[in-house]
2 protein chains.
Amino acid sequence: MSPTPEPARLRTIPSRLLAGAALVADRLVGERLAAEDAHKWHFAVLVTLAEAGAASQAELSRRTGIYRSDMVAVLNELADAACIRREPAPADRRRNVISLTPAGRRRLERLDTVIADAQRELLAPLTTGEQDELVRLLGLLTEHHRPPHPRPQRGAR
Amino acid sequence: MSPTPEPARLRTIPSRLLAGAALVADRLVGERLAAEDAHKWHFAVLVTLAEAGAASQAELSRRTGIYRSDMVAVLNELADAACIRREPAPADRRRNVISLTPAGRRRLERLDTVIADAQRELLAPLTTGEQDELVRLLGLLTEHHRPPHPRPQRGAR
DNA sequence: CTTAAACGTTAGTGGCACTAACGAATGTAG
DNA sequence: CTACATTCGTTAGTGCCACTAACGTTTAAG
């Protein structure tokens, strides 16, 4: 009985390749993070806070690409773990100011190595040159196809 | 007010880039196919039938990567549009033999151009050389991370 | 002062990969 | 031949994730 391979016509369609690769990548990263009781989104928020400093939830949402409706739960979890502080903004009582705690920094440090490991394993079959090239090409691609600049973020009346 | 950009640390993480690119690609292809009342999966099945000939549902499932539980609906829809025939296999009464009809061939022809257009638009920001390289790298990546050879396809008792 | 917009929050939708279990048919071992 | 395991098509359901809708509150703009 043959190994029933995927037809060549399908195997070379870029959108299919992207979907498959993204699935593999997400599974790999997700497993690694789950082993640390963490999540993709937690990492993104912690990185953003570390890199760009304290911000409102809406700002974090724009910077990370996480919808502000989903951001609530993410921040709740990070706050439960004492990784962030959430305090009302004095200047604008609509906003919350989200800031990193020392525990959050330590958490980020740990997740950083986990993420790095996962990326390394993900890209293992490629040379370092190829890895850079892949990142570059994907960057060009996502840069080009980008929602009309400020992301819509619908839901306002 | 700043345009609140994505932090550089996030923008260069391969798994994130892959997820983003796959999202863009899937949306693009999905929209194009939806305009033809078609679906990703329909195309995959039609291509597979055209390339490898008639097959059972389970075989199609393995070749396309579509789960056989999802395959049922896909084949129902294709049969409703008279794109495929579904007849019991004489040699093995468990199997159905799925085969392409002339209408299915015409349908595939149409979807082929739709898919090709979508891929072209997806890859527009890349040179043809870069497009080939991207496909090659993604191929290496998905090839390397592959479930222990025959896909598990759980659900048996 | 009225109207519009942005904020945080809750709830819900739709697509998709994937699991579970079934009845029926076939293959395999003793 | 008989018992057991496997494969098939099929139905139902789960979990994740991007995304939408609507709300009360607060601030900004005309």
Side-chain angles (χ1 to χ4, degrees), chain A residues 1 4 15-16 18-27 29-31 33-34 39-42 44 55-62 64-77 79 84 86-98 147 150-157, chain B residues 1 4 15-16 18-27 29-31 33-34 39-42 44 55-62 64-77 79 84 86-98 147 150-157:
Chain A
M1 184 174 43
T4 56
S15 60
R16 258 185 85 95
L18 277 172
L23 198 63
V24 164
D26 240 53
R27 178 142 45 206
V29 170
E31 280 169 5
L33 287 176
H39 201 267
K40 229 168 120 184
W41 296 334
H42 300 160
S56 73
Q57 300 187 189
E59 246 177 76
L60 281 176
S61 168
R62 285 177 228 119
T64 58
I66 302 167
Y67 274 66
R68 68 187 207 276
S69 44
D70 299 325
M71 183 64 71
V72 180
V74 175
L75 294 180
N76 284 342
E77 288 158 19
I84 59 153
R86 195 204 241 131
E87 30 194 5
D92 183 344
R93 303 210 317 271
R94 290 173 302 182
R95 288 173 163 84
N96 289 337
V97 176
I98 311 298
R151 270 239 262 161
Q153 190 76 235
R154 290 173 189 80
R157 283 172 285 186
Chain B
M1 183 176 43
T4 57
S15 61
R16 256 185 87 95
L18 277 172
L23 198 62
V24 164
D26 240 54
R27 179 141 47 205
V29 170
E31 280 168 5
L33 286 176
H39 202 268
K40 226 168 120 183
W41 296 334
H42 300 158
S56 73
Q57 300 187 187
E59 245 177 79
L60 281 177
S61 168
R62 285 178 228 117
T64 57
I66 302 167
Y67 273 67
R68 68 187 207 277
S69 43
D70 298 326
M71 182 64 71
V72 180
V74 175
L75 293 180
N76 284 343
E77 288 157 18
I84 59 151
R86 197 206 239 126
E87 31 195 5
D92 185 342
R93 302 208 320 269
R94 290 172 301 181
R95 288 174 164 82
N96 289 337
V97 176
I98 312 297
R151 270 239 260 161
Q153 189 77 234
R154 290 171 189 81
R157 284 172 284 186

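FYI, side chains are in, hydrogens and waters are out, and symmetry mates aren't considered; it's all heavy atoms of this structure. Here is how names work: the chains are called A, B, and so on, in the same order as the sequence lines, proteins then strands, and each is numbered from 1.
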Could you give the distance from [atom1] ([X]) to [atom2] ([Y]), rounded to the nearest 0.5 Å?
X	Y	atom1	atom2	result
B:Lys40	A:Ser15	NZ	OG	8.0 Å
A:Trp41	A:Asp70	CH2	CG	5.0 Å
B:Met71	B:Arg62	CE	CZ	10.5 Å
B:Glu59	B:Asn96	CD	CG	12.5 Å

Out of [options], which nucleotide sits closest to the side chain of [X]?
X	options	value
B:Ser69	D:dT11, D:dT26, C:dT26	D:dT11
A:Val72	D:dC8, D:dA18, C:dT9	C:dT9
B:Arg94	C:dC18, C:dT26, D:dA18	C:dT26

Look at [X] and [N] and indicate whether a side-chain polar atom (N or O) is within less than 4.0 Å of OP1 or OP2.
X	N	result
A:Arg93	D:dA28	no
A:Tyr67	D:dC17	no
B:Arg62	D:dC8	yes
B:Gln57	D:dT10	yes
B:Arg95	D:dC8	yes

Using atom [atom1] of [X] as one end and atom [atom2] of [N] as the other, report the distance to the nearest whole Å.
X	N	atom1	atom2	value
B:Leu23	C:dA17	CG	P	13 Å
A:Leu60	C:dA6	CG	P	18 Å
B:Asp70	C:dG14	CG	C1'	14 Å
B:Glu87	D:dC8	CD	P	18 Å
A:Met71	D:dC17	CE	P	14 Å
A:Arg27	D:dC17	CZ	C1'	15 Å
B:Arg68	C:dC22	CZ	P	14 Å
B:Trp41	C:dG15	CH2	C1'	7 Å

Heavy-atom closest contact ([X] atom, [Y] atom, distance):
X	Y	result
B:Ala22	A:Leu18	CB-O, 3.7 Å
A:Ile84	A:Leu75	CD1-O, 3.5 Å
B:Ala19	A:Asp26	CB-OD1, 4.2 Å

Could you list, one pair per line, each protein nitrogen or oxygen that sits under 3.5 Å from a nitrogen or oxygen of nucleotides 14-16 of chain D, together with the distance?
none

Item to check | Closest-nucleotide 5' rank along DNA chain C - winner of B:Asp92 and A:Arg86 | outcome: A:Arg86
Checklist outcome for this item: The residue, B:Asp26 or A:Asn96, whose nearest nucleotide of DNA chain C is more 5′ is A:Asn96
Next on the checklist: Reading DNA chain D from 5' onward, which residue's closest nucleotide shows up sooner: B:Val97 or B:Ala19?
Outcome noted: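 That would be B:Val97.
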Checklist entry - Could you go step by step and tell me if A:Val97 and A:Arg86 meet the side chain to side chain contact (heavy atoms under 4.5 Å, CB included) rule? => result CA-CA 6 Å; A:Val97 176; A:Arg86 195 204 241 131; over 6 Å; no
